[in-house]
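I have placed the structure first, in the form of structure tokens, so that the comments after it can refer back to it.
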Amino acid sequence: MISRAASARAALLARAPARLPSAALAALPAVRAPQRLMSGPAHGGSGGSGGSGSGEQPKPGPSALQLPLMLLAGAGLASAVYYWWAARSPSKNRTTGPESAHEGGPTLGKLAIDPAEPGTTVVFVLGGPGAGKGTQCARLVQDFGFVHLSAGDLLREERNRPGSPYGELINTYIKEGKIVPMEITIALLRIAMSKSGGKRFLVDGFPRQMDQALKFEELVCESKIVLYFECPEEEMLKRLLKRGETSGRVDDNIESIRKRFETFRDTSYPVIEYYDKIGKVKKVSCLNPVDKVYAQTRRIFDEMFK
Ligand SMILES: Nc1ncnc2c1ncn2[C@@H]1O[C@H](COP(=O)(O)OP(=O)(O)O)[C@@H](O)[C@H]1O
Ligand SMILES: O=c1ccn([C@@H]2O[C@H](COP(=O)(O)OP(=O)(O)O)[C@@H](O)[C@H]2O)c(=O)[nH]1
């Protein structure tokens, strides 16, 4: 089992995109704690992730020339955070900044990525865009007392935070269906985990890329299982276009949806394959009404977490 896992991991890493280029470290802002943590079905039973569309502040789109420059700048900035972060790491499992993460509120630049408390349970909730991850998570929160953390919601909150230097970058990545550099997402997740005070987490929509999975598990916590909501693209497309009628999300439109599907196929699905090879994936078909999907999901949680 271990050697199969190791070889699967090596193969996937070989397919992972190259690291971002290095750049100078910029001064980094305070990260506000997300509002929906403990019970707030971040996605809402009917609106799903679209719920996070409230407060959506579409920004003027970049021109064709600006876009690659913004992506490059964003990548460089995030990369700088990563290298700074890695360079200061005194041990493999713990990365500590020069000052306390709690000094004057957590900041990305000063953030200490502490491992999660012993006894913490993390379930990664994966599936294509619009499969129904958020909808099912909201039900699980009610019945099993998990804290629901949607990585997408956390990124949208950070994007909307006045003064965030990541706002434009996050917005561009989301609109383009690309994956925001993991340094930002892992930091936001870790802050949300510690602020929640909880011990059991549904980490929804993350990891979307193999290196994110490995880094999160190295720094924060191993996942207990991976709940995979399987859904054909045509069904997800229908659901997303419907959600787009009210979500106000910058990416619930046909152009962005196509790009998100491509990213899911090429970059995120391999994460599911990796966890499947090591026996961690629990697959649920989403091609049924919400209640029926939930009945199957619930059975898995009854067995594992009751
Ligand atoms: N089983 C289902 N059948 C029909 N519609 C669904 C189902 N599950 C979710 N939806 C709807 O599809 C859309 C996407 O669901 P959501 O939970 O937001 O997906 P995700 O979090 O995976 O993007 C929402 O509008 C939601 O109400
Ligand atoms: O770990 C994550 C989670 C989300 N996203 C970005 O946020 C978007 C929306 O993700 P979310 O999970 O909210 O929505 P879904 O695509 O599942 O409907 C994605 O397409 C990515 O651009 C990201 O970069 N990293």
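Both counts, for ligands and for their atoms, begin at 1 and track the order of listing. Below, each value reflects all heavy atoms present in this structure, side chains not excepted, and no hydrogens, waters or symmetry copies.
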Salt bridge between R258 and E262, side-chain N to carboxylate O under 4.0 Å? no

Salt-bridge present (R156, D153; N to O < 4.0 Å): yes

The answer for which part of L155 has a heavy atom under 4.0 Å from ligand 2 is side chain

So that I can tick it off, tell me whether R260 and D252 are bridged by a salt bridge, with the cut-off set at under 4.0 angstrom between side-chain N and carboxylate O. yes

Is A131 in polar range of ligand 1, meaning some N or O pair under 3.5 Å apart? yes

In this structure, CZ of R159 is separated from OG1 of T172 (nearest 0.5 Å) by 10.0 Å

Would you tell me which option among M182, R156, K259 has the nearest heavy-atom contact to atom 13 (O) of ligand 2? R156

Number the atoms of ligand 2 from 1 as they appear, then name those within less than 4.0 Å of a heavy atom of K178, with their elements. 21 (C), 22 (O), 24 (O)

Note: heavy atom closest to atom 5 (N) of ligand 1, options R239, M236, K133, K238, belongs to R239

Mind checking whether T185 contacts ligand 2 via backbone (N, CA, C, O), side chain (CB onward), both or neither, at a 4.0 Å heavy-atom cut-off? side chain

Using a strict 4.0 Å cut-off to heavy atoms of P289, name the atoms of ligand 1 that fall inside it. 1 (N)

Pair E235 + K238: basic N to acidic O under 4.0 Å: yes

Numbered in order shown, the ligand 1 atoms found under 4.0 Å of a heavy atom of T135 are 9 (C), 15 (O), 16 (P), 17 (O), 26 (C)

Taking atom 10 (O) of ligand 2 as the point of reference, which of R260, R243, R208, Q212 owns the nearest heavy atom? R208

Logged contact type for N288 with ligand 1, heavy-atom cut-off 4.0 Å, is backbone

I'd like to check which ligand 2 atoms, numbered from 1 as shown, lie under 4.0 Å from a non-hydrogen atom of D251. 9 (C)

